[in-house]
Structures are given as C-alpha cells and as structure tokens.
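Residue numbers count from 1 along this sequence.
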Amino acid sequence: MPASKPHAHYMEQALLQAQQARLSARPNPAVGCVIVRDGVIVAQGFTQPAGGPHAEVMALREAGSASVGATAYVTLEPCSHFGRTPPCSLGLIEAGISRLVYGCQDANPQVAGQGLAQLKTAGVEVVGPVMQAECEASNRAFLTHMRTKKPLVINKMAMSLDGRTAMQSGESQWITGAEARAQVHLLRAQSCAVITGIGSVLTDNPSMNCRADELAAAGGSAAAIEGLKQPLRVVVDSQLRMPVEAKLLQQSGAVLIATCVQDESRFTPLIKAGAQVWVGPANEQGHVDLAALLAELGRRQCHQVLVEAGAHLSGSFLAESLVDQLTIFMAPKLLGSKARPLFELPFEQMSQAYGLKIESMTSVGVDWRIEASPKGPDN
C-alpha cells in the first residue's frame with residue numbers, strides 16, 4: 001500500500017482543481033475536490049457552471065465504488081442545503097466517504113458549519129481547516145460577499161513609471177505591453193461585473209469584455225475558457241449620456257447603465273438597444289451614489305467587481321473607501337507632467353496622503369504588476 005502523504009499535499013491538488021472553476025462557477029464558489037484511497041488519488045473534480053454539479057459530485061462520479069472508505073479533500077466546506085443541486089454533504093455520506101478534510105468553512109449562512117456537522121453526525125471523520133489561508137484566498141470574493149452582502153472591489157489601473165494613465169489628449173493605447181493586457185482580460189473573466197464611467201465610454205468606446213485568445217495568453221486553462229461567463233458591464237452615467245451606438249451595446253453580454261435620471265422616456269432607446277437601466281440615489285454632487293451601486297450589485301449576486309475607469313471615477317471609489325484591492329500595471333515609460341494622473345484626489349496637505357500596503361510586485365513581460373490594499377488617509 002502506498003505511503004500516505006500529508007494532508008497539505010492533497011489539498012494543494014484540490015486547489016489546482018478549484019482554479020479551473022474560477023472563470024465559470026459564479027455565482028457559486030470555485031471549489032476543488034480530490035478523493036484519495038490508500039494514499040492514491042482516485043478521482044478529482046471542480047465546480048461546474050451554475051446549476052451544474054459541484055466539485056464533490058464530479059469527483060464522486062469519477063471515483064465510483066472507490067469512494068467507499070476513502071478520504072475526500074475539499075477546498076471549501078461541503079454545502080448542506082438544497083439549491084439548484086442536492087447537498088454535497090449528503091452525497092459524500094451516501095458514497096461511503098470515511099474522512100473529510102476541508103480547507104476552510106463556508107461563510108454562506110445556509111451552510112456555515114452545518115455541512116461539517118452533518119458529516120460528523122453520520123460518523124464521517126472531519127479534519128480541518130487545512131491550508132486555510134490559501135483556500136480562503138481562492139474564494140476571497142465569494143466569502144467577502146457572504147460576510148458583508150457587498151462585492152469585493154478591485155480597482156485596476158495601467159500607468160507609466162511617473163504615474164500617468166494617458167496623454168493630455170486622452171491617447172492611451174498602449175501604455176502597457178501585451179502580457180499585461182492579457183492579464184487584464186483574466187481579471188475581467190474572474191469578476192462578476194466590470195465598472196467604467198461614461199467619460200471612458202465617450203472617449204475610448206471600449207468593449208470591456210474578455211476574449212478567449214487573451215485568456216489563453218494569460219495562462220487560462222482550456223476547461224476554464226470553455227466555461228467562460230462574460231461579466232456584467234456597468235457604466236456609471238449620472239446624466240444618461242450613453243450613446244446607443246456605443247460598442248458596449250453592439251456586443252453580446254449584459255450591460256447595466258447606472259444613472260440618477262428618473263425620466264423613463266429617456267431609457268427607451270437604451271433598453272431597445274439591449275441595456276438594463278438602474279436608477280440609483282444621487283450624492284451631494286448629483287452623481288450616482290457609488291456605495292448604493294455596489295449594494296445593488298451585491299443584491300445581484302456579484303461577488304467581485306472590477307473597476308476600470310478614469311481618474312475621476314477611480315478617485316471617487318478610493319476617496320469613499322470603497323476599494324478593497326488595487327491592481328496596478330506599471331510600464332517602464334515616462335509620459336510627462338502634462339499627461340493625465342492615476343487618480344483625481346485633490347489633496348492639499350501631507351496629512352491627506354492616502355496610504356497603501358504593497359502586497360506584491362511581480363514582473364509581467366516588460367511591465368510590473370503591483371497588488372496593494374488601501375490603508376486610508378494619514379497612515
């Protein structure tokens with residue numbers, strides 16, 4: 001009989017399975033499952049698109065009778081409620097699994113410890129959490145949404161070494177190289193929604209979608225790309241200036257216009273063009289209340305939101321403490337003092353300076369990818 005390896009070894013394999021579901025599982029969490037018997041992996045699986053089998057079911061199907069007396073490694077606590085699919089906890093019990101090793105507990109109130117309790121009651125040995133930090137990180141957006149009812153907000157920016165995003169004229173193609181642009185497509189694909197402002201639409205006429213070729217270049221697996229779900233594209237358009245001929249409305253995929261305008265007669269052309277319109281409250285400046293918009297996206301089961309916008313809107317998200325993570329691609333270029341800034345933050349005193357915690361810096365082609373978390377003013 002082969003020697004048994006540490007639990008972390010098999011959980012790492014389960015995490016690799018979970019990665020294959022990151023582009024297609026939403027609004028479900030991306031979960032991986034590995035079934036081990038006598039020290040040998042006999043089956044593995046990952047969450048299928050919403051409505052399809054969960055990771056545990058996929059692995060149990062592959063294992064067949066080999067699941068009897070085996071150990072299941074799952075990155076997230078098995079679900080214990082009837083949704084679009086039956087509870088995975090019951091499936092594991094009925095398949096004869098003798099031990100369940102889990103990565104982290106589910107924050108969904110419909111599960112939250114109940115799946116583990118069901119397994120224990122049925123006599124299944126439950127071990128965990130194992131590699132908790134890594135497993136929580138793999139579903140950070142899902143867990144954030146379950147705990148707060150709000151999406152995880154990532155603000156993605158591309159800038160020159162001197163912190164500029166475009167020339168004074170607005171010209172910005174391309175600051176970063178092909179490798180960085182491919183990673184942006186991967187970020188979009190991992191997000192439930194992508195937010196931009198009407199200024200960017202009128203200036204750049206972007207598509208804001210993700211393409212299979214770019215995802216492949218960024219290292220996306222064939223299975224993940226095949227199950228790709230395009231994110232909801234959201235345009236913050238307080239005064240409803242969105243042109244019906246915009247590229248966003250000429251392509252497949254859902255588009256949501258967030259506005260303060262309440263005159264429904266002005267919605268008609270956009271709705272006929274295929275857009276949805278959400279009328280939200282206005283802030284003191286008469287612009288869409290961004291916190292209310294994020295709450296609405298949370299109600300729509302958006303776990304992760306990617307902000308891809310100009311300096312004004314990006315600055316507003318940051319100033320209102322609505323950003324959880326900054327992803328900045330920095331190119332080895334200088335655009336000069338007349339070029340446009342990264343954020344519009346009209347600070348006048350050093351005490352107003354916004355602190356950031358740099359989480360990582362990695363090279364991407366000729367560029368650098370910086371991950372940072374906001375700390376707030378005077379930190």
Quick check on the hydrophobic clustering: are [X] and [Y] connected, directly or via other members, by side-chain heavy-atom contacts under 4.5 Å?
X      : Y      : answer
Leu152 : Leu322 : no
Leu306 : Met159 : no
Ile195 : Leu202 : no
Leu294 : Leu326 : yes
Ile93  : Val126 : yes

Using side-chain hydrogen bond (donor to acceptor under 3.5 Å, both in side chains), reason through Gln118 and Ser80 one step at a time and then give a plain yes or no.
CA-CA 8 Å; Gln118 283 184 358; Ser80 56; 4.7 Å; no

N-O pairing of [X] and [Y] below 4.0 Å:
X      : Y      : result
Arg188 : Glu308 : yes
Arg369 : Glu371 : yes
Glu296 : Arg300 : yes

Leu92/Leu90 under side chain to side chain contact (heavy atoms under 4.5 Å, CB included): CA gap, chis, key distance, verdict
CA-CA 5 Å; Leu92 291 164; Leu90 295 182; over 6 Å; no

Val42 and Val36: side chain to side chain contact (heavy atoms under 4.5 Å, CB included), yes or no, with the steps? CA-CA 6 Å; Val42 296; Val36 178; over 6 Å; no

Just wondering, are more than 12 heavy atoms of other shown residues or ligands nearer than 6.0 Å to NZ in Lys150?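 Counting other residues, nucleotides and ligands, NZ of Lys150 stays at 12 neighbours or fewer.
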
Q: Take atom CD of Gln285 as the centre, draw a 6.0 Å sphere, and report whether it contains more than 12 heavy atoms from other residues, nucleotides or ligands.
A: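 Enclosed: over 12 neighbouring heavy atoms sit under 6.0 Å from CD of Gln285.
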
Note: Phe343 and Gly315 closest approach over all heavy atoms is CD2-N, 3.7 Å

(Q) Checking Ser373 against Glu359 for the side-chain hydrogen bond (donor to acceptor under 3.5 Å, both in side chains) test, could you report, in this order, the C-alpha distance in whole Å, the side-chain angles of both residues, the deciding distance, and whether it holds? (A) CA-CA 7 Å; Ser373 55; Glu359 307 286 356; 2.7 Å; yes

Using atom types as modelled and distance alone, determine if a side-chain donor or acceptor of [X] lies under 3.5 Å from a backbone N or O of [Y].
X      : Y      : result
Ser67  : Ala95  : yes
Asp367 : Phe329 : no
Gln230 : Cys210 : yes
Thr75  : Gly103 : no

>> Run Thr196 and Val234 through side chain to side chain contact (heavy atoms under 4.5 Å, CB included) and show every step you take.
In response: CA-CA 6 Å; Thr196 196; Val234 182; over 6 Å; no

### Task
Might you work through the side chain to side chain contact (heavy atoms under 4.5 Å, CB included) test for Gln132 and Glu136, ending with a clear yes or no?
CA-CA 6 Å; Gln132 181 175 0; Glu136 287 189 348; 3.2 Å; yes

- Message: Quick one, Arg140 with Gln325, criterion side-chain hydrogen bond (donor to acceptor under 3.5 Å, both in side chains). Give me CA distance, side-chain angles, the key distance, then yes/no.
- Response: CA-CA 11 Å; Arg140 181 186 176 194; Gln325 176 182 326; 2.7 Å; yes

Evaluate the ring planes of Tyr73 and Tyr10, with Trp represented by its six-membered ring, and classify them as parallel (under 30°), tilted (30 to 60°) or perpendicular (over 60°). tilted

- State, without any angle test, whether Gln251 and Ser207 hold a side-chain donor-acceptor pair at a distance under 3.5 Å. yes

Can you list everything that forms a ring-ring contact (aromatic ring centres under 6.0 Å, His included) with His287? Sequence neighbours excluded, please.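 Testing His287 for ring-ring contact (aromatic ring centres under 6.0 Å, His included), a comparison that skips the adjacent residues, returns His312.
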
